J.: 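The structure follows.
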Amino acid sequence: MRSCTPSSMRVSEPSDVVISSDDTCHIRLTWTGNECDKYPAKQHARKVAMELGVSSGLIYLVGQPVNNWGDSDQPQPFRQRRYFYYLGGIDAPDCYLIYDIQADLLTLYVPDFDLRRAIWMGPTLSIEEAHEQSDVDRVSYFASLQHDLESWASKHNGSYPIYILHENQKPVIPSKRLFLDNERLLPAMNAARVIKDEYELRMIRHANYISGLAHRKVLEDIHRMSTEAEIESSFLATCVSHGAKNQSYAIIAGSGQNAAVLHYVKNDEPLDGRQLVCLDAGAEWKCYASDVTRTIPLWTDWPSEHARNIYRVVEEMQEECIRRIRKGVRFRDLQLLAHEIAIRELQKLSILTDDSPKEIYNSGASAVFFPHGLGHHVGLEVHDVSERPITALDGNQTHRVGHNFVPPLNDSSWSVPLLNEGMVITIEPGIYFNRLALLNAQNQPLAKYINFDEAEKYIPIGGVRIEDDILVTAEGYENLTSAPKGEEMLEIIRRGIDNS
Ligand code: GLY
Ligand code: MN
Ligand code: MN
């Protein structure tokens with residue numbers, strides 16, 4: 001990795017990292033270009049301290065250790081704790097960090113050198129390597145952590161707490177009873193993480209770029225594939241060959257009725273006789289997620305009127321919701337809009353009755369076909385953290401009809417969370433014809449709004465979901481997902497066949 005050069009520094013709008021002088025002039029310094037790709041851990045530490053609303057105290061975070069599987073000498077795949085990564089920027093096991101809020105000093109601790117580990121697994125991260133990867137102020141070996149903690153605690157812990165995430169991650173200093181706070185750090189970190197900075201957006205964009213390549217490759221080759229497993233392995237091969245070894249979540253490649261199982265991950269059935277496959281798969285890049293779903297016809301064109309009609313309904317739900325995204329919009333209004341469109345279109349297809357859309361919505365009948373939320377935050381987790389869920393309501397946050405989530409239609413509370421600049425969210429409407437869900441619906445009061453004979457005809461298509469990752473901006477949005485969909489997707493499938 002090359003070092004930073006000041007030539008790429010620019011001054012822009014006031015934002016997260018603010019250098020304040022007494023005359024309240026705010027200047028933000030931003031590195032641009034590829035030559036400075038260190039993780040902005042320091043900026044994140046300051047942001048968390050600001051969210052905590054305190055000027056003293058110590059943040060103490062424990063990284064993920066190496067763990068073996070139960071009854072085995074084989075290590076589990078390593079996955080860094082995301083709260084730790086947000087302040088440390090190091091994707092390696094057995095690290096710790098402390099942030100002295102008053103001194104504005106962020107220190108990372110890497111494992112002590114271990115010859116045996118070095119011979120078997122390669123050397124652990126050196127101090128120099130850690131400095132190249134993250135802009136923490138200091139890197140020390142684990143051996144000095146206890147001393148540093150004791151020294152801070154004896155000077156300050158009488159007055160200021162050590163902030164920890166969980167009770168089981170507290171530091172232990174045998175000679176001292178520590179003043180700990182395990183309640184305030186988590187919400188502060190959630191509030192900080194929900195707004196992405198330029199570095200984070202670059203990582204999410206790149207994860208989406210690789211996912212786009214992998215989805216495209218599946219489309220080009222789909223005519224040659226005969227099993228769900230081949231789709232999964234093609235997707236994975238493209239990601240890994242582009243340097244993305246990890247997926248943000250288990251790949252979902254569900255054909256036919258399997259597309260109606262929201263988190264179907266077995267991916268072990270043949271495609272023969274199936275109309276559509278729902279491929280929900282996203283690469284991870286440097287711990288940042290992408291989350292992308294495409295529903296792909298297994299023919300050169302739409303295999304049936306039913307498949308085409310449902311694809312168009314979901315396409316309209318997605319396009320209309322994305323079009324309205326901007327700072328200040330209530331996400332749950334978009335979710336209601338998606339239901340409104342679904343109800344109107346399913347009425348046109350005679351799957352829902354001609355009763356009032358409001359009555360149908362309140363009964364939960366549309367949620368039989370669209371049973372999940374419209375989307376979620378994306379970041380270090382595929383379902384990323386936030387202070388409150390984006391579909392939260394005022395007060396009591398859940399209203400369920402059967403197994404389905406149905407927010408009340410007339411809640412106009414001001415305190416419902418709003419979209420804000422810098423959030424990345426998915427918009428992922430879906431319409432499913434799940435045999436079990438329909439059977440269950442037949443015994444519910446909402447059954448009177450569903451024409452089950454008509455719905456039965458759609459069982460073979462399983463379901464359609466389309467999912468993109470969207471950056472919220474002040475004036476609108478930017479779609480970070482480049483995987484082909486709609487007409488472009490069909491053309492790639494046709495070209496694949498023509499060229500074979
Ligand atoms: N891939 C999981 C989800 O879409 O939320
Ligand atoms: Mn998603
Ligand atoms: Mn997804």
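Worth saying up front: this structure is predicted, and the values here are computed from it rather than measured. Remember, it's 1-based here, ligands and their atoms both numbered in the order they're listed.
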J.: Does R465 have a non-hydrogen atom less than 4.0 Å from ligand 1?
T.: no
J.: Ligand 1 and D291, any nitrogen or oxygen pair closer than 3.5 angstrom?
T.: yes
J.: Is there a polar contact between ligand 1 and H263, counting only N or O atoms under 3.5 Å apart?
T.: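 Min N/O separation from ligand 1 is not below 3.5 Å for H263.
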J.: What heavy-atom pair brings T295 and M489 nearest, and what distance separates the two atoms?
T.: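 Nearest pair, atom of T295 first, then M489: O-CE, 3.3 Å.
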J.: Only to 10 degrees, please: what angle do the OD1 atom of D291 and the OE1 atom of E467 make about the Mn ion (ligand 3)?
T.: 90°
J.: Quick check: closest heavy atoms across H372 and E428, and the distance to 0.1 Å?
T.: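 Residues H372 and E428, closest heavy atoms: CE1-O, 3.0 Å.
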J.: Decide, counting backbone as well as side-chain atoms, whether E428 has an N, O or S atom less than 2.8 Å from the Mn ion (ligand 2).
T.: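 Here the distance criterion (N, O or S atom, under 2.8 Å) is met by E428, so yes.
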J.: Does R205 make a cation-pi contact with Y288 (under 6.0 Å, within 45 degrees of the axis)?
T.: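 No.
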J.: State the atoms of ligand 1, each with its element, that fall below the 4.0 Å cut-off from a heavy-atom position in H383.
T.: 2 (C), 3 (C), 5 (O)
J.: Any nitrogen or oxygen of D280 lying under 3.5 Å from a nitrogen or oxygen in ligand 1? Just yes or no.
T.: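 Among all N and O atoms of D280, at least one is under 3.5 Å from an N or O of ligand 1.
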J.: Is a side-chain donor or acceptor of D135 paired with a backbone partner of A41 at a separation under 3.5 angstrom?
T.: yes
J.: Do the side chain of T300 and the main chain of R494 share a donor and acceptor less than 3.5 angstrom apart?
T.: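 Checking the backbone N and O of R494 against the side chain of T300, no donor-acceptor pair under 3.5 Å is found.
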J.: Flag H376 as yes if one of its N/O/S atoms falls below 2.8 Å of the Mn ion (ligand 2), otherwise no.
T.: yes
J.: Decide yes or no on side-chain contact (heavy atoms from CB on, under 4.5 Å) for I425 and H377, but give the supporting numbers first.
T.: CA-CA 4 Å; I425 53 166; H377 293 280; 3.9 Å; yes
